[in-house]
Amino acid sequence: MSLPKIYNPQEIEDKIYQTWEKSGFFRPNKSTNKNFSIAMPPPNATGELHLGHAVMLAIQDIMVRWQRMKGKAVLWLPGTDHAAIATQNKVEKILLAKTGQTRQAIGRTKFLESVNDFVSNSQHVIRGQVRKIGSSCDWSRERYTLDPGLSTAVKEVFVRMYQDGLIYRGNRIVNWCPRCMSTLADDEVEYKEETAKLYTFAYDKNCPIKISTTRPETKLGDTAIAVNPKDLRYKKFIGQIFNVDFLGQALTLKVIADNAVDIKFGTGALGVTPAHSLADFALAEKHELPVIKVIDENGRIIKGLGEFSELKVIEARKKIVAELKTKKLLISEDQCQHNLSICYRCATPIEPLTSRQWFVDVNKKIKIKNEKLKKTIGKKTASLKKLALGVVKAGEINIIPKRFNKIYFQWMENLRDWCISRQIWFGHPIPVYYCQKSNCQEIIVSRTPVSKCPKCGGTKLKQDPDTLDTWFSSGLWTFSTLGWPSETKNLKIKNKNNGILNDLERFHPTSVMETGYDILFFWVARMILMTTYALGEVPFKTVYLHGLVRDKEGRKMSKSLGNGIDPVKMIKKYGADAVRLSLIIGTTPGNDVRLYEEKIAAYRNFINKIWNIARYIIENEKSKTKNEKPQLKIKNLQHSDQWILYELEKLIKNVNHNLEHYHFSRAGEDIYDFIWHKLADWYIEAAKVEAVPHQQELLDYILKKCLVMLHPFVPFVTEEIWGIMNIEQGAIKNNLLMIEPWVEKIDFKITRAQAQNFVKIQEIITAIRNARAEQKLAPAEIINCLIDSRLENLIDENRGLIEKMAKIKILTKSDELKTFDQINLSHAKIYLEKITKLEPAKDTAQLEKYIQSLEARLNNPDFLAKAPKEVIAKEKTRLEEARARLTQ
RNA sequence: GGGCGUAUAGCUCAGCUGGUUAGAGCGCUGCGUUCACAUCGCAGAGGUCUCUGGUUCGAGUCCAGAUACGCCCACCA
């Protein structure tokens with residue numbers, strides 16, 4: 001079998017993935033107490049994967065494969081998120097497009113059926129795509145945020161939190177999306193800057209204080225006028241109550257003083273609308289103002305407000321402005337810039353309104369049950385907020401890059417109670433039942449369905465129609481996926497009988513959470529909050545945040561711009577290995593990545609290079625007979641062998657160091673450089689010339705080490721080559737590279753001095769090549785070289801090698817010059833100088849400059865006095881080396 | 001209003017705790033293809049590390065300030 005010249009990933013990748021999956025090595029079967037686990041951030045079950053997913057999968061797969069090769073029991077748990085609102089919206093859209101029906105028209109049960117169909121379809125697509133990129137995750141443990149086990153966990157946490165008084169039902173202001181017909185959490189609100197009209201007016205003719213607003217229609221619900229206590233214009237009114245007639249509606253307005261009011265804005269007086277403004281609601285709570293709701297969940301003015309009743313918000317606004325004008329109450333209409341709040345899922349403007357919802361109290365103190373956690377926090381009681389802050393402050397969780405610590409603290413410190421109920425159909429039902437008996441109305445919070453009211457015995461019970469915020473369930477992801485709470489119940493029995501540990505014990509806390517920084521608040525923070533509460537331990541020890549993938553111009557990839565790159569298409573065209581490298585190399589944590597096709601193509605070329613290096617070594621091996629391959633012995637090593645082994649050892653050290661410190665890009669670059677510019681460009685080229693008996697064995701040895709180190713980065717091509725080598729070498733069993741032990745060191749001890757010989761040979765060859773390029777001499781030119789430098793022996797000894805690699809003929813002093821004609825000889829003379837000096841003239845000048853700077857430093861008494869000894873020593877050797885090179 | 005990030009070759013980016021003559025990929029220029037690979041090889045050009053100060057024996061790296069771009073949070077009456 002001869003290998004094709006060009007590596008074709010399309011033919012190979014699927015086959016390799018199947019082999020891996022069938023092997024069972026994706027599962028953490030190894031019995032060892034060294035465990036490593038990652039909970040894969042579950043992609044939304046809404047459709048296809050994008051480059052963001054590809055980045056996360058590539059990075060996580062590197063960690064996972066590396067740890068697996070290091071001999072740990074590795075669990076990488078995949079899954080999908082039901083993504084409540086996002087998924088419901090998408091299915092609603094499809095339904096409308098297909099049948100023209102709304103979800104209300106087909107009803108809850110039927111609608112949920114079609115959502116589930118959509119989800120299982122989408123999950124199927126996602127599974128395929130996650131495989132395409134080479135993810136070595138444990139499919140046997142795949143989870144879905146809505147599957148039964150996770151639902152149990154969700155209910156369990158809800159009930160416990162309720163019992164601890166952390167979950168309450170309250171009538172509070174919420175962010176309401178009139179299109180989704182649901183609440184949104186604070187961080188699910190986005191802002192869009194736009195110019196709005198700022199209306200300044202008086203409520204009626206008798207009211208002495210005028211106010212400014214962009215939303216006149218909400219003023220129907222005003223219950224106060226707020227002014228700054230320092231504002232002299234209004235000081236006399238503070239505490240007064242005005243009964244005004246606002247366009248036919250009677251309002252009772254108390255004048256309150258609050259520092260939050262900006263004296264310079266508008267009239268300096270603020271109409272307080274507690275029911276429809278988050279800030280005003282806070283004012284109302286502080287000053288104990290009544291809350292009057294005037295806009296309903298449909299975005300219409302509520303009934304009973306005269307001519308404005310049931311008008312849409314925009315219409316009401318027009319009408320009110322028009323009436324203010326006719327009644328001459330409107331003073332001015334100004335343009336103003338403001339941020340419109342919009343829904344992060346559908347971009348509809350948010351309507352803040354008061355509503356009866358379920359909340360998680362983040363400030364209420366609870367007892368800490370876990371002893372270790374108590375120590376970490378340093379207190380016996382703490383609020384959810386303080387717990388989540390404390391574990392990060394104590395260093396229980398390490399966030400990479402560090403700067404996100406600060407961002408996390410800021411967010412967490414300012415966190416308000418979390419509204420967790422959503423008025424959508426798709427999601428985890430709220431485990432709350434209401435007794436329908438009018439004189440009872442008991443609220444029952446229960447893990448299991450309730451059919452009888454425990455208080456009155458009534459059987460007319462209704463479950464809360466709402467569902468939970470999707471982040472409530474994804475906040476439990478690291479442990480709900482490992483069997484909590486049911487597995488913990490069996491824990492003791494299992495331990496006593498046979499010492500077997502369950503998944504939760506083995507893999508929680510997970511080792512690393514790798515995700516994009518854009519969901520630090522949505523998800524990472526919530527996981528920390530929920531897990532420290534529920535388990536008394538952190539969900540993960542390290543958080544690695546990657547950047548967002550952008551296009552070549554740095555823009556976000558989006559459908560509307562049409563600048564998106566489809567990872568699946570790229571994998572098809574260039575192979576998964578190339579796509580992985582393009583997403584890893586040249587990136588740093590927390591910083592955005594720009595991706596474009598040329599970059600992927602460049603790494604495709606590298607993959608092909610690896611393939612051809614292997615091809616050369618494999619094909620070469622075949623042409624040799626067994627007895628041509630003697631045992632490799634260290635004393636037989638040539639200069640080039642010593643050099644490449646020395647470099648290999650350096651590489652191994654660097655790669656290990658960089659992987660340990662999450663410098664994936666650096667590790668990848670180092671391997672790239674070694675393979676291409678050391679192994680291929682120099683060593684193999686030299687090996688072609690210096691055909692010595694042990695060469696094949698050494699090439700084989702180096703290639704195998706490289707394949708091991710490359711494997712986490714480019715698993716497909718390396719596994720394929722490994723397999724071919726196994727077959728060629730007559731291995732009985734095809735051992736998979738994916739479980740080959742990781743390289744920690746090499747079996748040869750080479751000193752730097754030994755390695756230097758080949759470095760010098762390289763310099764000689766490069767010098768000759770440079771000289772040739774400058775003189776534009778024909779490649780087959782024969783040159784004589786009068787060697788009288790210290791390199792004579794080295795050149796003499798390696799004459800054949802240098803001649804072949806530099807494509808010249810070296811004639812030493814002793815050789816006769818009879819083969820030259822006059823023209824060649826004149827060229828040769830110019831050459832001669834350069835070659836014997838080793839450096840072209842320009843380089844010599846540079847070198848001299850360098851030596852001067854080194855000398856200046858070493859003559860500086862301050863430097864000698866204050867610099868560390870190692871640095872001085874280093875500089876001295878550098879100077880010696882540089883001087884030696886100059887005299888050569 | 002509060003906070004954060006980035007600024008290094010034509011382009012995209014590395015450069016770890018300050019210590020070689022500042023690097024890579026792509027692009028560009030010249031030469032080269034029987035002999036692993038043209039998805040290739042060899043050679044080359046290209047940088048006052050945004051600016052101004054400071055700390056230091058020594059600054060791309062640390063500190064302060066300025067400029068430009070970007071992001072997050074809050075507010076938005």
Side-chain angles (χ1 to χ4, degrees), chain A residues 3 5-7 187 191 193 196 198 211-215 218-219 226 260-262 265-273 277-280 336-341 401 403-404 406-407 410-411 414 517-518 520-521 548 552 554 574 578 585-588 590-596 598-599 601-620 657-658 661 663 665-666 669 672-673 677 680-681 684-685 688 766 769-770 772-774 776 779 806-807 843 846-847 849-851 853-854 857 860-868 870-872 874-875 878 881-882:
Chain A
L3 303 176
K5 275 186 164 193
I6 289 175
Y7 172 67
D187 48 341
Y191 300 95
E193 188 164 299
L198 182 70
I211 60 142
S212 301
T213 181
T214 52
R215 299 205 52 193
T218 64
K219 299 291 113 184
V261 181
D262 181 356
F265 192 95
T267 61
L270 155 68
V272 183
T273 322
S277 155
L278 268 70
D280 293 4
C336 91
Q337 284 299 112
H338 87 152
N339 282 328
L340 182 69
S341 344
R403 66 168 187 273
F404 283 98
K406 203 168 173 181
I407 297 170
Q410 249 172 30
W411 185 82
N414 295 316
Y517 66 77
D518 54 328
L520 178 65
F521 304 139
L548 309 180
K552 203 171 183 177
Y574 298 102
I585 295 187
T587 72
T588 38
N591 290 335
D592 293 353
V593 205
R594 295 192 193 193
L595 189 76
Y596 38 92
E598 298 93 303
K599 196 172 166 185
Y603 290 109
R604 185 266 323 264
N605 297 352
F606 175 58
I607 303 296
N608 196 53
K609 190 79 186 180
I610 300 171
W611 175 255
N612 271 292
I613 289 168
R615 182 167 165 249
Y616 171 77
I617 294 172
I618 293 165
E619 303 273 319
N620 221 20
H657 177 269
N658 285 325
H661 292 84
H663 299 155
S665 176
R666 277 290 281 283
E669 276 173 86
Y672 180 101
D673 181 65
H677 301 305
D681 289 352
I684 292 185
E685 289 308 315
K688 283 179 189 169
T766 308
R769 281 171 178 166
N770 276 340
R772 180 200 306 294
E774 275 173 40
K776 299 196 172 163
K807 290 184 185 163
D843 293 348
Q846 258 181 14
L847 197 61
K849 215 171 136 194
Y850 173 47
I851 289 169
S853 77
L854 281 173
R857 201 173 303 164
N860 185 340
D862 284 332
F863 174 70
L864 294 172
K866 290 175 186 172
E870 313 91 69
V871 174
I872 297 170
K874 226 190 223 170
E875 300 281 60
R878 277 175 195 153
E881 275 171 20

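Each chain gets a letter, A, B and so on, in the order the sequences are listed, and its residues count up from 1. Since we're looking at a predicted model, the values are computed, not measured.
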Output the single nucleotide from B/A74, B/U20, B/A43 whose closest atom is nearest the side chain of A/Arg878.
-> B/U20

Should the pair A/Tyr672 and A/Phe606 be assigned to parallel (<30°), tilted (30 to 60°) or perpendicular (>60°) ring geometry?
-> tilted

Integer-rounded Å distance: B/C73 P and A/Asn414 CG | 12 Å

Salt bridge (Lys or Arg N to Asp or Glu O under 4.0 Å) against A/Arg878, all qualifying residues, sequence neighbours excluded | A/Glu875

Name the nucleic acid region contacted by A/Ile613, choosing base, sugar-phosphate or nothing; use a 4.0 angstrom heavy-atom cut-off, strictly under.
-> base

Can you figure out which of B/A14, B/A36, B/U21 approaches the side chain of A/Asn612 most closely?
-> B/A36

Just compare B/C76, B/A36, B/C42 and give me whichever is closest to any side-chain atom of A/Ile684.
-> B/A36

Could you work out which one of B/C37, B/A36, B/U21 sits closest to the side chain of A/Tyr616?
-> B/A36

In Watson-Crick or G-U wobble terms, with both distances under 3.5 Å, the base opposite B/A64 is B/U52

Kindly say whether, by distance alone, the side chain of A/Arg594 makes a donor-acceptor pair under 3.5 Å with the base of B/U12?
-> no

B/C26 - base-pair partner by Watson-Crick or wobble geometry, distances under 3.5 Å | B/G10

At under 4.0 Å between heavy atoms, what does A/Arg615 touch on the DNA or RNA strands: base, sugar-phosphate, or nothing?
-> sugar-phosphate

Scan A/Val593 against the nucleic acid and name what it touches under 4.0 Å (heavy atoms): base, sugar-phosphate only, or nothing.
-> nothing

At under 4.0 Å, does any side-chain N or O of A/Lys5 touch on OP1 or OP2 of B/C37?
-> yes

Among B/U39, B/C73, B/G15, which nucleotide sits nearest the side chain of A/Ile6?
-> B/U39

Name all residues meeting the side chain to side chain donor-acceptor pair (under 3.5 Å) criterion together with A/Glu669; count only those two or more places apart in sequence or in a different chain, and write none if there are none.
-> A/Ser665

Any side-chain N or O of A/Lys688 less than 4.0 Å from the OP1 or OP2 oxygen of B/A36?
-> yes

Go ahead and name the base partner of B/C4; Watson-Crick or wobble counts if both distances stay under 3.5 Å, otherwise write none.
-> B/G70

Shortest non-hydrogen contact between A/Ala196 and A/Thr214, atoms and distance = CB-CG2, 4.3 Å

Among B/A36, B/G5, B/U39, the one nearest any side-chain atom of A/Asn591 is B/G5

Name all residues meeting the side chain to side chain donor-acceptor pair (under 3.5 Å) criterion together with A/Arg215; count only those two or more places apart in sequence or in a different chain, and write none if there are none.
-> A/Glu217, A/Glu351

Look at A/Thr588 and B/A14 and indicate whether a side-chain polar atom (N or O) is within less than 4.0 Å of OP1 or OP2.
-> yes

Listing time: all N or O pairs from protein to nucleotides 23-29 of chain B that are below 3.5 Å?
unit_1, atom_1, unit_2, atom_2, d
B/G25, OP1, A/His677, NE2, 3.1

Who passes side chain to side chain donor-acceptor pair (under 3.5 Å) against A/Tyr517, sequence neighbours left out?
-> A/Asp592

Any strand: nucleotide that pairs with B/C75 via Watson-Crick or wobble, under 3.5 Å | none

Residue mapping more 5' on RNA chain B - nearest nucleotide basis, A/Tyr517 or A/Ile407 = A/Ile407

Counting N and O atoms only, with roles assigned by atom type, does the side chain of A/Asn612 sit under 3.5 Å from a partner on the main chain of A/Ile6, one being a donor and the other an acceptor?
-> no

With B for base contact, S for sugar-phosphate-only contact and - for none (protein heavy atoms under 4.0 Å), nucleotides 57-62 of chain B reads B-----

Among the nucleotides B/G19, B/C76, B/G3, which one has an atom lying closest to any side-chain atom of A/Lys406?
-> B/G3

May I ask you to verify if any side-chain N or O of A/Thr587 is less than 4.0 angstrom from the OP1 or OP2 atom of B/A14?
-> no

